[in-house]
A.B. asks: 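Here it is, the structure in full.
We name chains A, B, ... by the order of the sequence lines, and we start the count at 1 in each one. Scope of the values below: all heavy atoms of this structure, side chains included, with no hydrogens, waters or symmetry mates.
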Amino acid sequence: MAGDKVKLLGFWGSPFALRVEWALRLKGVEYEYVEEDLSNKSPMLLQYNPLYKKVPVLVHNGKPIMESLVIIEYIDETWKNRPLLPIDPFERATSRFWAKFVDDKFVPLIIKMSSSTREQKDKVAEEAREVLKTLESSLNQNKPFYGGKILGFMDIAVAWIGIWAPMLEKIIDIKLLDEEYMPLLNTWFRDVLEVLVIKECIPPLDKLLAHYKDYYDRFMATKSN
Amino acid sequence: MDVSEVVLLDFWASLFCMRVKIALAEKGVQYDCKEENLANKSQLLLQMNPVHKKIPVLIHHGKPISESNIIVQYIDEAWQNKHPPLLPSDPYLKAQARFWADFVDKKVPIICHIFLLRFSIDLICVEKNTQINDGARRIWSTKGEELEKAKREFIEWLNVLEEQLGDKAYLMGESFGYADIAMVPFYCWFYALETIGKMSIEKECPKVVAWMKRCMERESVSKSLPDPHKVYEFRLQKLNNKTT
């Protein structure tokens, strides 16, 4: 769809904006990336997403779409080359189920962990590992990517864990992506994150680590006062 | 088509099951409805939804699909040759429908639950004390502010839908569909909320109530929602059991 204006409002440290970028890049869609300062949200963001005031927001020919998984499905349906979701309805439902599972179960635990005291964090980390083990059980050993030989919806919806989990392990001193108990998960994330178009979007890991470490240190300082 | 090809693991009071029943009825799909005892879940449920162990589960050709909004989308796609379509064909409108169904999922159940719990515990506390003692009075007054806050939050969220509706017949325009299906089961809770909360939802959000009533004119909806009085009794009983 030549001549389309596509804009992505994002934040460099957001896994949700990242997965939308992955979808756009896999489809070969040209877009303008707009970096948001989340401590000082732009009038444009507040106008396009008045309800949640969050990134990412995709703006296509002036019309906004919010919620990263909704955006990814929109991208898949608008640019029909290189499909992201499977064709079969049951497989589509299964992909949507697991993507929702991760967003509903793992994300709140990550947030909780980042604001837990030292005493609480081990318990929360254990819950997070259980969620990952359940995700592991959905993987098929014979496929490099979730759906087979080609990267798809589930891969881009979930692979951010392969970046954020190791980072949190360093900052909070907990174990999440246990290689021994989650071998398929570890291999899957490694394989996805090695794909060139995925790799070139990933923010600098040292910058990401510093950003989240700063947030965590500031939180811990308030707790000890 | 053999009815047992499509099986729904159900619970009569579950809002999420109602969504699925509405979608199946809209598409005219025959199915076998199996009522679950949530206090003693069947082997079939535990096998078909091992991750969450929850209803609804749709079983089609022996394969399970879970999560109500995902099931509704599946129904639309698996029976795409059956009229009416539940999602718009335009990708932008489809994204809007998904956004609003996601909004309902995120916010309304939590608020409804808090709302009911807060109010119902209060009601029971006051009812149980034949003499209004200091304890009950204290509970009432300290909870009073919380209750009002919960009420305000609930109305605030309904007002978002009120605004989104505008002059439209349904959430996405002239056609009933996915986003309406996500919300309409909550209508059978309105009686309980109004009774316990001593409020009129219609007065606060007239367009939302008009929309709900319009949806209820569809047979797929009216046949899938239980009697609001039955729902109120069920909720009260559930909370009674929790507090005894």
A.B. asks: I'd like to know if Arg129(A) and Glu126(A) make a salt bridge, using a cut-off of under 4.0 Å between side-chain N and carboxylate O.
C.D. replies: yes
A.B. asks: Go through the atoms of Lys94(B) and report whether side chain, backbone, both or neither lie under 4.5 Å from a heavy atom of chain A.
C.D. replies: side chain
A.B. asks: Under 4.5 Å heavy-atom distance to chain A, tell me which part of Gln96(B) shows up: side chain, backbone, both or neither.
C.D. replies: side chain
A.B. asks: Identify whether the distance between the nearest side-chain nitrogen and carboxylate oxygen of Arg92(A) and Glu77(B) falls below 4.0 Å.
C.D. replies: yes
A.B. asks: Taking the inter-plane angle between the rings of Tyr92(B) and Tyr74(A) on a 0 to 90° scale, is it parallel (under 30°), tilted (30 to 60°) or perpendicular (over 60°)?
C.D. replies: perpendicular
A.B. asks: Charged N to carboxylate O under 4.0 angstrom, Glu36(B) versus Lys41(B)?
C.D. replies: no
A.B. asks: Against chain B, label Leu51(A) side chain, backbone, both or neither, depending on which of its atoms sit under 4.5 Å from a heavy atom there.
C.D. replies: side chain
A.B. asks: Heavy atoms under 4.5 Å from chain B: which residues of residues 7-36 of chain A carry them?
C.D. replies: none
A.B. asks: When you check the gap from the basic side-chain N to the acidic O, do Glu202(B) and Lys213(B) get nearer than 4.0 Å?
C.D. replies: yes
A.B. asks: Assess whether a salt bridge exists between Asp76(A) and Arg82(A), defined as any Lys/Arg side-chain N lying under 4.0 Å from an Asp/Glu carboxylate O.
C.D. replies: no
A.B. asks: Can you tell me if Lys105(A) has over 12 outside heavy atoms packed within less than 6.0 Å of its NZ?
C.D. replies: no
A.B. asks: Before accepting this row, confirm whether a basic side-chain N of the pair Arg190(A)/Glu179(A) lies closer than 4.0 Å to the acidic partner's carboxylate O.
C.D. replies: yes
A.B. asks: For Arg96(A), is it the side chain, the backbone, both or neither that has a heavy atom under 4.5 Å from a heavy atom of chain B?
C.D. replies: both
A.B. asks: Other residues, nucleotides and ligands only: do more than 12 of their heavy atoms fall within 6.0 Å of NZ on Lys149(B)?
C.D. replies: no
A.B. asks: How about Lys168(B): does its NZ atom have over 12 heavy atoms from other parts shown lying under 6.0 Å from it?
C.D. replies: yes
A.B. asks: Under 4.5 Å, heavy atom to heavy atom, which residues of residues 156-166 of chain B contact chain A?
C.D. replies: Trp157(B), Val160(B)
A.B. asks: Can you tell me if CD1 on Ile150(A) sees more than 12 non-hydrogen neighbours from other groups inside 6.0 Å?
C.D. replies: no
